[in-house]
Amino acid sequence: MEYQYIQVSRDGEVGRILLYRPKVLNALNTGLISELVQTLEDMDQDPTIRCILLTGGNRVFAAGADIGEMATATSAELMLSNQFADWDRLRRIKKPIVAAVVGYAFGGGCELAMACDMIVAAENARFGQPEIDLGIIPGAGGTQRLTRAVGKARAMEMVLTGRAITAQEAFSVGLVNSVVPAENVELEAMKLCQLVARKAPVAVQLAKESVLNSFDTTIAEGLDYEQKLFYLLFSTEDQKEGMQAFVEKRRPNFQGK
Ligand code: CO8
(Lines give C-alpha, C1' and ligand atoms only; values in the text may rest on other atoms or scores of the structure.)
Protein backbone atom coordinates (compact mmCIF):
# COMPACT_ATOMS: atom_id res chain seq x y z
CA MET A 1 0.00 0.00 0.00
CA GLU A 2 1.16 3.54 -0.79
CA TYR A 3 1.32 5.97 2.09
CA GLN A 4 1.67 9.72 1.89
CA TYR A 5 2.03 10.68 5.53
CA ILE A 6 3.41 7.62 7.32
CA GLN A 7 6.03 4.95 6.74
CA VAL A 8 5.37 1.36 7.69
CA SER A 9 7.82 -1.45 8.40
CA ARG A 10 8.23 -4.37 10.75
CA ASP A 11 10.90 -5.96 12.90
CA GLY A 12 9.94 -9.59 13.47
CA GLU A 13 6.58 -9.62 15.21
CA VAL A 14 6.60 -5.87 15.89
CA GLY A 15 4.88 -3.54 13.43
CA ARG A 16 6.46 -0.10 13.18
CA ILE A 17 4.70 3.07 12.07
CA LEU A 18 6.62 6.30 11.50
CA LEU A 19 4.68 9.57 11.35
CA TYR A 20 6.17 11.31 8.37
CA ARG A 21 5.43 14.99 7.79
CA PRO A 22 8.86 16.30 8.80
CA LYS A 23 8.42 19.80 7.36
CA VAL A 24 5.51 20.55 9.70
CA LEU A 25 6.75 18.65 12.75
CA ASN A 26 4.43 15.72 11.94
CA ALA A 27 1.33 17.90 12.28
CA LEU A 28 -1.61 15.51 12.29
CA ASN A 29 -3.77 16.31 9.30
CA THR A 30 -6.82 14.19 8.54
CA GLY A 31 -4.92 12.27 5.85
CA LEU A 32 -2.23 11.24 8.31
CA ILE A 33 -4.71 10.15 10.97
CA SER A 34 -6.68 8.21 8.39
CA GLU A 35 -3.57 6.36 7.11
CA LEU A 36 -2.42 5.74 10.67
CA VAL A 37 -5.70 4.28 11.87
CA GLN A 38 -6.13 2.12 8.78
CA THR A 39 -2.61 0.74 9.25
CA LEU A 40 -3.19 0.09 12.95
CA GLU A 41 -6.35 -1.81 12.10
CA ASP A 42 -4.52 -3.83 9.46
CA MET A 43 -1.79 -4.70 11.99
CA ASP A 44 -4.46 -5.56 14.54
CA GLN A 45 -5.85 -8.11 12.08
CA ASP A 46 -2.45 -9.55 11.15
CA PRO A 47 -1.73 -12.60 13.35
CA THR A 48 2.00 -12.35 12.65
CA ILE A 49 2.17 -8.95 14.38
CA ARG A 50 1.96 -8.99 18.17
CA CYS A 51 2.85 -5.45 19.21
CA ILE A 52 3.04 -2.06 17.49
CA LEU A 53 5.62 0.69 17.78
CA LEU A 54 4.56 4.23 16.90
CA THR A 55 7.27 6.82 16.39
CA GLY A 56 7.64 10.31 15.03
CA GLY A 57 11.32 9.76 14.23
CA ASN A 58 14.40 11.23 15.85
CA ARG A 59 13.38 14.92 15.99
CA VAL A 60 9.75 15.30 16.99
CA PHE A 61 6.77 13.11 17.82
CA ALA A 62 3.97 15.43 16.64
CA ALA A 63 3.25 19.14 17.18
CA GLY A 64 -0.50 18.61 17.23
CA ALA A 65 -3.38 18.67 14.82
CA ASP A 66 -2.68 20.52 11.58
CA ILE A 67 -3.61 24.09 12.49
CA GLY A 68 -3.64 25.19 8.86
CA GLU A 69 -6.24 22.57 8.05
CA MET A 70 -8.46 23.59 10.97
CA ALA A 71 -8.02 27.35 11.00
CA THR A 72 -11.04 28.33 8.89
CA ALA A 73 -13.30 25.41 9.77
CA THR A 74 -16.74 26.05 11.18
CA SER A 75 -18.34 24.05 13.99
CA ALA A 76 -20.79 22.53 11.54
CA GLU A 77 -18.03 21.49 9.14
CA LEU A 78 -16.06 19.83 11.90
CA MET A 79 -19.10 18.12 13.25
CA LEU A 80 -20.36 16.88 9.89
CA SER A 81 -16.93 15.68 8.75
CA ASN A 82 -16.86 13.58 11.92
CA GLN A 83 -13.10 13.91 12.28
CA PHE A 84 -13.04 12.11 15.58
CA ALA A 85 -14.40 8.91 14.05
CA ASP A 86 -10.81 7.88 13.25
CA TRP A 87 -9.71 8.64 16.80
CA ASP A 88 -12.57 6.48 18.06
CA ARG A 89 -11.35 3.63 15.84
CA LEU A 90 -7.88 4.12 17.26
CA ARG A 91 -9.02 3.36 20.78
CA ARG A 92 -10.49 0.04 19.63
CA ILE A 93 -7.10 -1.34 18.58
CA LYS A 94 -6.62 -4.52 20.60
CA LYS A 95 -2.88 -5.04 20.30
CA PRO A 96 -0.54 -3.04 22.54
CA ILE A 97 0.94 0.12 21.04
CA VAL A 98 4.15 1.64 22.37
CA ALA A 99 4.89 5.29 21.54
CA ALA A 100 8.51 6.41 21.12
CA VAL A 101 8.48 10.14 21.81
CA VAL A 102 11.34 12.46 20.90
CA GLY A 103 10.87 16.23 21.11
CA TYR A 104 7.41 17.76 21.04
CA ALA A 105 4.26 15.80 21.77
CA PHE A 106 1.88 18.75 21.70
CA GLY A 107 -1.89 18.99 21.38
CA GLY A 108 -3.11 16.08 19.26
CA GLY A 109 0.46 14.73 19.41
CA CYS A 110 0.27 14.42 23.19
CA GLU A 111 -3.21 12.94 22.83
CA LEU A 112 -1.94 10.42 20.29
CA ALA A 113 0.90 9.37 22.59
CA MET A 114 -1.57 9.01 25.46
CA ALA A 115 -3.86 6.88 23.29
CA CYS A 116 -0.98 4.42 23.08
CA ASP A 117 -0.49 1.92 25.89
CA MET A 118 3.04 2.78 26.95
CA ILE A 119 5.36 5.68 26.23
CA VAL A 120 9.15 5.68 26.05
CA ALA A 121 10.30 9.30 26.15
CA ALA A 122 13.52 10.98 25.14
CA GLU A 123 15.20 13.28 27.66
CA ASN A 124 14.24 16.17 25.36
CA ALA A 125 10.58 15.13 25.05
CA ARG A 126 7.96 17.72 25.94
CA PHE A 127 4.31 16.93 26.58
CA GLY A 128 1.82 19.75 26.29
CA GLN A 129 -1.76 20.73 25.55
CA PRO A 130 -1.32 24.25 24.13
CA GLU A 131 -4.80 24.43 22.60
CA ILE A 132 -5.83 27.15 25.05
CA ASP A 133 -3.46 29.52 23.21
CA LEU A 134 -5.40 28.85 20.01
CA GLY A 135 -8.72 29.67 21.65
CA ILE A 136 -9.84 26.04 21.82
CA ILE A 137 -9.49 23.07 24.16
CA PRO A 138 -8.04 19.59 23.56
CA GLY A 139 -10.43 17.42 21.58
CA ALA A 140 -8.91 13.95 21.36
CA GLY A 141 -8.55 13.01 25.00
CA GLY A 142 -6.39 15.83 26.39
CA THR A 143 -8.82 16.65 29.18
CA GLN A 144 -9.66 13.00 29.84
CA ARG A 145 -6.68 10.68 29.41
CA LEU A 146 -4.29 13.35 30.69
CA THR A 147 -6.35 13.88 33.86
CA ARG A 148 -6.47 10.16 34.52
CA ALA A 149 -2.75 9.84 33.89
CA VAL A 150 -1.38 12.80 35.81
CA GLY A 151 -4.18 13.83 38.19
CA LYS A 152 -6.40 16.89 38.33
CA ALA A 153 -3.93 19.52 39.51
CA ARG A 154 -1.29 18.89 36.84
CA ALA A 155 -3.88 18.35 34.09
CA MET A 156 -5.68 21.59 34.97
CA GLU A 157 -2.40 23.49 34.89
CA MET A 158 -1.38 22.04 31.54
CA VAL A 159 -4.79 22.54 29.91
CA LEU A 160 -5.49 26.00 31.36
CA THR A 161 -2.03 27.52 30.92
CA GLY A 162 -0.69 25.51 28.00
CA ARG A 163 2.53 24.85 29.93
CA ALA A 164 4.35 21.82 28.62
CA ILE A 165 6.02 19.37 30.97
CA THR A 166 9.44 17.82 30.54
CA ALA A 167 10.08 14.12 30.08
CA GLN A 168 11.33 13.93 33.65
CA GLU A 169 8.14 15.56 35.00
CA ALA A 170 6.08 13.25 32.80
CA PHE A 171 7.93 10.29 34.27
CA SER A 172 7.52 11.49 37.85
CA VAL A 173 3.74 11.83 37.43
CA GLY A 174 3.37 8.49 35.66
CA LEU A 175 2.60 9.70 32.15
CA VAL A 176 5.55 7.87 30.59
CA ASN A 177 7.23 4.55 31.28
CA SER A 178 10.84 5.56 30.93
CA VAL A 179 13.13 8.41 29.95
CA VAL A 180 16.22 7.65 27.89
CA PRO A 181 18.69 9.57 25.72
CA ALA A 182 17.06 10.62 22.44
CA GLU A 183 19.26 8.36 20.35
CA ASN A 184 18.10 5.30 22.33
CA VAL A 185 14.37 5.97 22.35
CA GLU A 186 13.38 3.80 19.46
CA LEU A 187 15.68 1.00 20.51
CA GLU A 188 14.20 0.99 24.01
CA ALA A 189 10.65 1.18 22.67
CA MET A 190 11.43 -1.70 20.32
CA LYS A 191 12.84 -3.76 23.22
CA LEU A 192 9.62 -3.15 25.16
CA CYS A 193 7.57 -4.19 22.11
CA GLN A 194 9.63 -7.33 21.65
CA LEU A 195 9.22 -8.24 25.30
CA VAL A 196 5.44 -7.96 24.97
CA ALA A 197 5.48 -9.75 21.59
CA ARG A 198 6.95 -12.84 23.27
CA LYS A 199 4.00 -13.17 25.66
CA ALA A 200 0.82 -15.13 25.00
CA PRO A 201 -1.09 -12.99 22.47
CA VAL A 202 -4.61 -13.67 23.69
CA ALA A 203 -3.58 -12.95 27.29
CA VAL A 204 -1.85 -9.76 26.14
CA GLN A 205 -4.98 -8.52 24.38
CA LEU A 206 -7.24 -9.32 27.30
CA ALA A 207 -4.77 -7.74 29.73
CA LYS A 208 -4.85 -4.51 27.71
CA GLU A 209 -8.64 -4.66 27.54
CA SER A 210 -8.95 -5.17 31.29
CA VAL A 211 -6.58 -2.34 32.21
CA LEU A 212 -8.38 0.07 29.84
CA ASN A 213 -11.72 -1.12 31.14
CA SER A 214 -10.72 0.09 34.61
CA PHE A 215 -11.12 3.68 33.38
CA ASP A 216 -14.75 3.12 32.45
CA THR A 217 -16.13 1.11 35.34
CA THR A 218 -16.58 1.01 39.06
CA ILE A 219 -14.02 -1.10 40.91
CA ALA A 220 -16.63 -3.81 41.52
CA GLU A 221 -17.58 -4.02 37.84
CA GLY A 222 -13.92 -3.92 36.84
CA LEU A 223 -13.07 -6.77 39.21
CA ASP A 224 -15.97 -8.84 37.88
CA TYR A 225 -14.85 -8.20 34.32
CA GLU A 226 -11.26 -9.11 35.15
CA GLN A 227 -12.43 -12.39 36.69
CA LYS A 228 -14.40 -13.30 33.57
CA LEU A 229 -11.37 -12.64 31.36
CA PHE A 230 -9.25 -14.68 33.76
CA TYR A 231 -11.62 -17.66 33.43
CA LEU A 232 -11.72 -17.20 29.67
CA LEU A 233 -7.95 -17.56 29.35
CA PHE A 234 -8.18 -21.11 30.72
CA SER A 235 -9.78 -22.05 27.40
CA THR A 236 -6.59 -21.18 25.51
CA GLU A 237 -3.79 -23.55 24.56
CA ASP A 238 -1.34 -20.87 25.59
CA GLN A 239 -2.49 -21.11 29.22
CA LYS A 240 -1.80 -24.86 29.16
CA GLU A 241 1.54 -24.27 27.46
CA GLY A 242 2.54 -21.45 29.85
CA MET A 243 1.85 -23.48 32.97
CA GLN A 244 3.28 -26.70 31.53
CA ALA A 245 6.47 -24.87 30.57
CA PHE A 246 6.77 -23.52 34.11
CA VAL A 247 6.43 -27.02 35.55
CA GLU A 248 8.99 -28.37 33.06
CA LYS A 249 11.35 -25.45 33.72
CA ARG A 250 11.51 -24.41 30.07
CA ARG A 251 10.51 -21.35 28.04
CA PRO A 252 6.89 -21.37 26.88
CA ASN A 253 6.18 -21.47 23.17
CA PHE A 254 3.03 -19.39 22.77
CA GLN A 255 0.97 -19.85 19.60
CA GLY A 256 -1.79 -17.33 20.13
CA LYS A 257 -4.44 -20.03 20.49
N1 CO8 B 1 0.02 22.52 12.54
C2 CO8 B 1 0.52 22.94 11.36
N3 CO8 B 1 1.80 23.30 11.15
C4 CO8 B 1 2.62 23.23 12.22
C5 CO8 B 1 2.19 22.82 13.48
C6 CO8 B 1 0.82 22.44 13.64
N7 CO8 B 1 0.32 21.99 14.79
N8 CO8 B 1 3.24 22.88 14.33
C9 CO8 B 1 4.29 23.30 13.62
N10 CO8 B 1 3.94 23.52 12.35
C11 CO8 B 1 4.79 23.99 11.25
C12 CO8 B 1 5.12 25.45 11.39
O13 CO8 B 1 4.09 26.25 10.87
C14 CO8 B 1 6.40 25.54 10.61
O15 CO8 B 1 6.09 25.58 9.24
P16 CO8 B 1 6.87 26.62 8.28
O17 CO8 B 1 8.31 26.16 8.30
O18 CO8 B 1 6.21 26.45 6.96
O19 CO8 B 1 6.69 27.97 8.88
C20 CO8 B 1 7.08 24.20 10.86
O21 CO8 B 1 6.04 23.34 11.30
C22 CO8 B 1 8.14 24.30 11.96
O23 CO8 B 1 7.51 24.87 13.11
P24 CO8 B 1 8.16 26.09 13.92
O25 CO8 B 1 8.97 26.94 13.02
O26 CO8 B 1 7.06 26.73 14.69
O27 CO8 B 1 9.13 25.26 14.88
P28 CO8 B 1 9.69 25.73 16.30
O29 CO8 B 1 10.73 24.73 16.65
O30 CO8 B 1 10.04 27.16 16.31
O31 CO8 B 1 8.44 25.55 17.32
C32 CO8 B 1 6.56 24.42 18.27
C33 CO8 B 1 7.93 24.29 17.59
C34 CO8 B 1 6.73 25.07 19.63
C35 CO8 B 1 6.01 23.01 18.45
C36 CO8 B 1 5.63 25.26 17.38
O37 CO8 B 1 5.69 24.79 16.05
C38 CO8 B 1 4.20 25.25 17.81
O39 CO8 B 1 3.83 25.89 18.78
N40 CO8 B 1 3.35 24.49 17.08
C41 CO8 B 1 1.93 24.45 17.35
C42 CO8 B 1 1.64 23.60 18.57
C43 CO8 B 1 0.16 23.56 18.86
O44 CO8 B 1 -0.46 24.58 19.13
N45 CO8 B 1 -0.43 22.36 18.82
C46 CO8 B 1 -1.84 22.15 19.08
C47 CO8 B 1 -2.62 22.15 17.79
S48 CO8 B 1 -4.36 22.05 18.05
C49 CO8 B 1 -4.57 20.41 18.40
O50 CO8 B 1 -3.68 19.62 18.40
C51 CO8 B 1 -5.99 20.00 18.70
C52 CO8 B 1 -6.09 18.49 18.67
C53 CO8 B 1 -7.52 18.06 18.46
C54 CO8 B 1 -7.62 16.63 17.98
C55 CO8 B 1 -7.51 16.46 16.50
C56 CO8 B 1 -8.82 16.70 15.79
C57 CO8 B 1 -8.78 16.41 14.34
Side-chain angles (χ1 to χ4, degrees), residues 3-7 17-41 54-93 97 99-116 119 121-150 154-167 169-170 175-176 182 185:
Y3 303 99
Q4 197 177 349
Y5 304 115
I6 60 173
Q7 293 180 357
I17 303 174
L18 170 72
L19 308 173
Y20 194 68
R21 295 189 77 205
K23 289 196 177 121
V24 287
L25 310 184
N26 294 335
L28 306 168
N29 61 357
T30 47
L32 186 154
I33 292 294
S34 161
E35 286 185 2
L36 170 65
V37 171
Q38 187 56 55
T39 305
L40 286 169
E41 286 179 346
L54 178 63
T55 174
N58 55 16
R59 205 164 63 96
V60 64
F61 185 69
D66 190 320
I67 297 170
E69 194 180 62
M70 287 187 304
T72 59
T74 65
S75 300
E77 279 165 4
L78 285 180
M79 226 182 304
L80 293 174
S81 67
N82 197 13
Q83 294 200 16
F84 290 112
D86 282 338
W87 289 84
D88 289 339
R89 284 162 62 197
L90 198 157
R91 72 186 160 88
R92 296 205 173 80
I93 301 296
I97 310 172
V101 176
V102 178
Y104 302 113
F106 277 6
C110 186
E111 292 169 311
L112 179 58
M114 291 190 296
C116 297
I119 302 176
E123 286 162 348
N124 73 352
R126 296 288 178 276
F127 297 84
Q129 300 290 163
E131 287 90 342
I132 200 75
D133 291 324
L134 299 169
I136 58 169
I137 67 167
T143 65
Q144 300 303 301
R145 289 198 183 95
L146 183 68
T147 308
R148 284 165 171 78
V150 307
R154 190 66 58 109
M156 275 294 184
E157 185 185 339
M158 290 173 69
V159 170
L160 292 178
T161 71
R163 184 178 84 81
I165 58 172
T166 63
E169 280 179 280
L175 183 64
V176 308
V185 165

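When a ligand or atom number is given, it counts from 1 through the structure's own listing order. Keep in mind that the numbers below use all heavy atoms, side chains included, and drop hydrogens, waters and symmetry copies.
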For ligand 1, what N or O to protein N or O distances fall under 3.5 Å?
unit_1: ligand 1; atom_1: 1 (N); unit_2: Ala65; atom_2: O; d: 3.4
unit_1: ligand 1; atom_1: 1 (N); unit_2: Ile67; atom_2: N; d: 2.9
unit_1: ligand 1; atom_1: 7 (N); unit_2: Ala63; atom_2: O; d: 3.0
unit_1: ligand 1; atom_1: 7 (N); unit_2: Ala65; atom_2: O; d: 2.9
unit_1: ligand 1; atom_1: 45 (N); unit_2: Ala63; atom_2: O; d: 3.0
unit_1: ligand 1; atom_1: 50 (O); unit_2: Ala65; atom_2: N; d: 2.8
unit_1: ligand 1; atom_1: 50 (O); unit_2: Gly108; atom_2: N; d: 2.8

So, using salt bridge (Lys or Arg N to Asp or Glu O under 4.0 Å) as the criterion, who are the partners of Glu169 when residues are at least two apart?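 Only Arg154, Arg163 meet the salt bridge (Lys or Arg N to Asp or Glu O under 4.0 Å) criterion with Glu169.
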Work out which heavy atom in Phe61 is nearest to a heavy atom in Leu19; give both atom names and the distance. O-CD1, 3.6 Å
Tell me the side-chain hydrogen bond (donor to acceptor under 3.5 Å, both in side chains) pairs involving residues 28-41, sequence neighbours left out? Thr30-Glu69, Gln38-Asp42, Gln38-Arg89, Glu41-Arg89
Given side chain to side chain contact (heavy atoms under 4.5 Å, CB included), test Asn58 with Val185 step by step and report yes or no. CA-CA 8 Å; Asn58 55 16; Val185 165; over 6 Å; no
Just to verify, what does Ala149 make a side chain to side chain contact (heavy atoms under 4.5 Å, CB included) with, not counting sequence neighbours?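 So Ala149 forms a side chain to side chain contact (heavy atoms under 4.5 Å, CB included) with Leu175.
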Do Ile132 and Thr161 make a side-chain contact, defined as non-hydrogen atoms from C-beta onward lying under 4.5 Å apart?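 The answer is no; the side chains never approach within 4.5 Å.
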